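Notes for the one structure printed next.
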Amino acid sequence: TKAEKTALVFTEWVKLIQRLDGDDETVLEFIRQMIEKGVLQDSNGFICFMKSALELSVNSFKESDPTSEVFIAIDSLSKLLIKLICLLDFKQSSREEFLSLMFSVVTLVFSEDQGRNDTSFNERPYFRLFSSLLCDWEALRGHKFVKIKDPACRKELVNFDESFYNIFASFLHVYQPIAFPGFAFAWITLLSHRMFLPRMLRLPNKAGWSKLLLLFTDLLNFMAHYTKRTETHDAVTVVYKGALRVILAVSNDVPEFLVENHYELLNNIPPIYMQLRNIILSSAPTKVVIPDPYDPNIELHDIEACQVPAAIFYDPVQDLKGLKKPVDNYLRIPSSSLMRTILSGLFRTELELDTGIGYETTNVDVKLINAITLHVGIEAALEKDRTSANAIFNTKSSYFTLFKGLITEGSTELKFHVIQAIANQLRYPNAHTLWFNYVIKNLFYSDEFEEQQHDVQEIIIRTVLERIITNKPHCWGIVVTFVDILKSDSSSLADLSFIKDVPEIELIIKNL
Amino acid sequence: ENPVFKNPLFSPGLAYWAQTKRPLLQPFEKMPPDMVSQLESSLLNCPDSLDADTPKLYQAPLSLPHPTSIFFPNEPIRLVSTETPEESRPARDFYSRTSLARIMSKFDLDTLFMVFYHYQGTYEQFLAAKELSNRGWQFNKINRCWLFKEVEKLPPGNEKSEEVSWRYFDYQKSWLARRCGDEFVYRQEDFEKI
Amino acid sequence: IGIDLSSVLHSLGIDSESNRRSRVLDTFQSPWVETSRCEVEPRFFVPD
């Protein structure tokens with residue numbers, strides 16, 4: 001049968017590639033004949049061959065003695081595929097189409113395998129295929145594909161490099177843990193693979209960041225969805241531990257990725273993962289010098305870094321939905337009718353489940369609140385550069401009154417989420433941290449909230465405190481803000497009723 | 001009913017794949033039992049670092065005949081120590097933190113040259129090159145030799161304060177470091193940047 | 001409350017005390033310590 005013939009050809013390839021170097025003439029001739037003799041003459045032919053080869057390789061893994069070399073067939077397949085990317089004639093279709101076709105076939109074989117075998121499904125051969133593809137590609141691409149002798153081919157591959165990684169990432173997104181829980185641990189290992197993650201992080205012009213953000217969102221989404229306060233499955237706890245290590249590694253190597261995508265990352269992390277949130281929020285660009293936040297003589301306005309707005313990769317403006325116009329209009333000319341429009345746009349029609357600290361549902365659109373908050377912060381920093389500091393460091397400015405209005409008119413729940421959103425911007429020394437420090441302090445001390453003032457103060461203290469009592473790291477902006485509040489009015493702070501009501505908190509405040 | 005599901009090329013994989021879209025569109029509130037067992041199975045089979053290691057299908061034989069001739073010296077090369085102190089080494093890249101690189105930092109020059117010349121195209125050759133480079137040796141692309149610049153401080157009163165001489169490691173014949181002739185001229189473009 | 005991250009950072013090869021930041025993702029073995037059985041070959045390039 002055709003399948004048997006295909007299997008024979010692939011078996012020959014496996015034998016050949018173990019005996020000869022990949023650039024040997026014999027190897028090239030073998031591939032040439034595969035094309036000429038009709039094994040790989042068109043898409044259908046390729047699909048048949050690929051299915052057959054992959055099924056054979058997976059079976060070879062399953063049947064091999066675990067102590068032997070179980071991945072020989074898989075590795076041979078990987079080598080062949082990378083060679084085809086170099087050698088095939090891409091006049092009719094592109095390398096991008098070919099790679100997508102390749103991964104599509106893998107997806108079909110994979111889906112059938114895990115669908116049929118459910119709990120006896122083994123992710124390892126598929127993991128190995130993806131891992132070896134990454135390694136073989138890396139071996140080829142060194143010094144702008146200098147090992148490719150043909151200059152035209154070399155140029156094409158240099159241009160294709162970015163697509164290779166982004167297509168790989170697209171398919172990794174297909175295999176996300178919510179869709180394929182049987183591949184979850186292999187998936188996380190692939191996301192953090194030494195030949196994938198650092199490459200994606202460092203592609204020129206941040207070309208890999210969008211897809212990478214999507215993948216991290218997939219991971220966080222899975223964790224968020226299956227983390228419950230009452231009972232979280234042990235396997236999910238293990239997933240969390242792995243995610244923690246990966247994010248710490250990213251924070252060390254390329255903190256800019258976390259810095260510039262903090263908003264979208266935090267949209268997908270449940271509030272109870274406080275330390276993970278702090279790790280992301282306390283990341284700082286490599287060059288920024290972080291002064292001691294506990295220094296009593298610190299003057300935020302004097303810190304050079306605080307004049308520079310934080311870089312943003314994922315722009316929250318795309319999440320403002322119908323509120324972009326009202327918000328931007330309000331910033332230009334504030335009015336109570338615009339405030340009402342904005343407020344009504346923040347309430348949900350249905351309750352949303354959330355694993356919060358002390359709450360399990362939300363009635364407000366938390367993501368939208370986060371988007372508005374960051375957007376206003378970005379606009380405020382731009383306004384300061386356009387006009388003057390007084391345009392925004394001013395309790396009468398629309399930038400400030402927008403938040404004040406939301407707090408005054410909103411429910412306790414809305415107040416809480418607005419203050420949380422502001423606290424999310426108290427990060428490393430930058431212009432946004434500086435301005436939001438101003439905002440939150442002025443909200444704390446405002447005498448215009450009347451009988452609501454204690455509620456506002458309690459929410460602010462709770463928000464700041466919950467980010468500090470966790471194990472490190474702590475955000476510089478949060479610590480500085482807290483120290484500011486403690487410094488300015490420490491005696492009356494300890495006397496506040498909501499502080500005295502909880503002896504443990506009273507003790508913490510008194511000690512601090 | 002979509003014709004693509006009837007295409008024998010895509011069946012039955014496509015149908016199985018389509019099923020996985022459901023939890024994406026309508027996530028379960030609580031993990032159903034089959035999802036729990038799939039997740040646990042994944043944990044059990046979790047790939048480890050060996051699974052993620054670089055595939056090695058074809059191992060090239062040693063590139064040069066092994067120097068076992070009686071004419072090759074048995075004792076190690078005696079040269080002025082080229083080991084630079086830790087602090088003044090070049091900024092540590094991630095290679096220098098690997099155990100193999102750390103082991104190589106303790107190798108004799110002999111061993112480093114052996115690895116370099118006999119394990120062509122390998123990671124070990126790469127690390128040996130890095131270590132030699134860390135010790136001040138430079139690789140000449142033209143004659144494929146490693147060269148070392150010796151700087152001898154001359155006593156005061158001399159016309160020059162120091163005397164520079166170059167040595168090269170003769171990997172083809174004597175397996176020793178020899179002095180370069182007086183006609184040797186150093187040209188930076190002849191040397192590989194490691 | 002989270003955990004004390006010093007042992008996690010140590011397992012990653014991140015030295016918070018050191019001034020020089022060394023990359024860890026290029027030699028990353030596995031997301032979990034338990035599956036980080038051996039060092040993995042990182043990318044490298046050998047000139048012809």
Side-chain angles (χ1 to χ4, degrees), chain A residues 17-22 44 47-48 51 71-72 74-76 78-79 105 107-116 118-124 127-128 131-132 135-136 138-139 174 176-187 189 193-194 221 225-226 228 233-236 238-239 353, chain B residues 4-5 7-61 63 93-95 97-98 120-123 126 192-193:
Chain A
I17 203 66
Q18 289 178 76
R19 285 174 175 69
L20 296 172
D21 179 66
N44 284 0
I47 293 170
C48 283
K51 269 177 89 170
F71 294 127
I72 289 180
I74 290 275
D75 289 347
S76 306
S78 167
K79 205 138 197 126
V105 178
T107 307
L108 292 178
V109 172
F110 176 98
S111 300
E112 184 184 342
D113 189 352
Q114 75 85 42
R116 273 194 208 284
D118 202 26
T119 48
S120 67
F121 170 74
N122 194 321
E123 62 198 333
R124 286 176 67 210
F127 169 84
R128 180 68 177 202
S131 172
S132 295
C135 291
D136 288 337
E138 181 62 57
V174 169
Q176 63 178 288
I178 286 185
F180 290 97
F183 193 66
F185 287 87
W187 189 90
T189 312
H193 199 285
R194 70 195 181 285
N221 222 347
H225 215 80
Y226 296 111
K228 310 285 176 201
H233 200 271
D234 285 344
V236 177
V238 180
V239 167
L353 294 174
Chain B
V4 74
F5 284 93
N7 187 333
L9 273 178
F10 306 137
S11 117
L14 194 62
Y16 282 112
W17 171 81
Q19 278 176 22
T20 68
K21 292 297 168 194
R22 267 190 100 237
L24 279 172
L25 294 164
Q26 288 175 296
F28 302 111
E29 211 209 285
K30 204 180 150 194
M31 255 200 269
D34 56 343
M35 188 178 176
V36 171
S37 45
Q38 282 170 355
L39 194 62
E40 283 174 346
S41 171
S42 173
L43 174 54
L44 212 63
N45 290 319
C46 185
D48 63 22
S49 46
L50 281 169
D51 283 3
D53 208 358
T54 313
K56 297 246 185 296
L57 284 167
Y58 168 72
Q59 303 274 45
S63 319
D93 58 21
F94 61 81
Y95 297 106
R97 292 183 303 113
T98 60
Q120 292 283 351
T122 62
Y123 179 54
F126 169 80
E192 189 73 61
K193 287 189 192 57

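Note that the coordinates shown come from a computational prediction; the quantities given were computed from them, not determined experimentally. Chain letters run A, B, ... following the sequence lines, proteins first and then strands; every chain starts at 1.
For A:S76, the parts lying near chain B are the backbone and the side chain together; criterion is any non-hydrogen pair under 4.5 Å. Interface residue A:T107: only side-chain heavy atoms are found under 4.5 Å from chain B. Neither the backbone nor the side chain of B:L25 comes within less than 4.5 Å of any heavy atom of chain A. Only the side chain of A:Q176 has a heavy atom closer than 4.5 Å to any heavy atom of chain B. In this structure, the portions of A:N44 lying under 4.5 Å from any heavy atom of chain B include both its backbone and its side chain.
Judged by distance alone, the side chain of A:Q18 and the main-chain N or O of B:L57 form no donor-acceptor pair under 3.5 Å. B:S42 contributes no side-chain N or O that, together with a main-chain N or O of B:Q38, makes up a donor-acceptor pair within less than 3.5 Å. Under a 3.5 Å cut-off, the side chain of A:R194 and the backbone N or O of B:A52 do form a donor-acceptor pair.
The number of heavy-atom neighbours closer than 6.0 Å to NZ of B:K30, taken from other residues, nucleotides and ligands shown, is 12 or below.
Counting only heavy atoms from C-beta outward, the side chains of A:S111 and B:Q19 never approach each other to under 4.5 Å. No side-chain heavy atom of A:V109 sits less than 4.5 Å from a side-chain heavy atom of A:E112. Side-chain contact check for A:F71 versus A:F127: every heavy-atom pair is 4.5 Å or farther apart.
Here A:D21 is the residue among A:D21, A:T189, A:I17, A:I47 with the most heavy-atom pairs under 4.5 Å with chain B. With chain A as the partner, the residue from B:G121, B:C46, B:A18 showing the most heavy-atom pairs under 4.5 Å is B:C46. With respect to chain A, the highest number of heavy-atom pairs below 4.5 Å among B:S37, B:S41, B:P27 belongs to B:P27. Contact count versus chain B (heavy atoms, under 4.5 Å) is highest, among A:C135, A:G182, A:P181, for A:P181. Your options are A:R19, A:K79, A:R124, and the one with the most heavy-atom pairs under 4.5 Å with chain B is A:R124. Among the candidates A:F180, A:F183, A:F121, the residue making the largest number of heavy-atom pairs closer than 4.5 Å to chain B is A:F180. Ranking A:L20, A:I72, A:I74, A:V105 against chain B, the residue ahead of the rest is A:L20, based on heavy-atom pairs under 4.5 Å.
A donor-acceptor contact closer than 3.5 angstrom links the side chains of B:E40 and A:H233.
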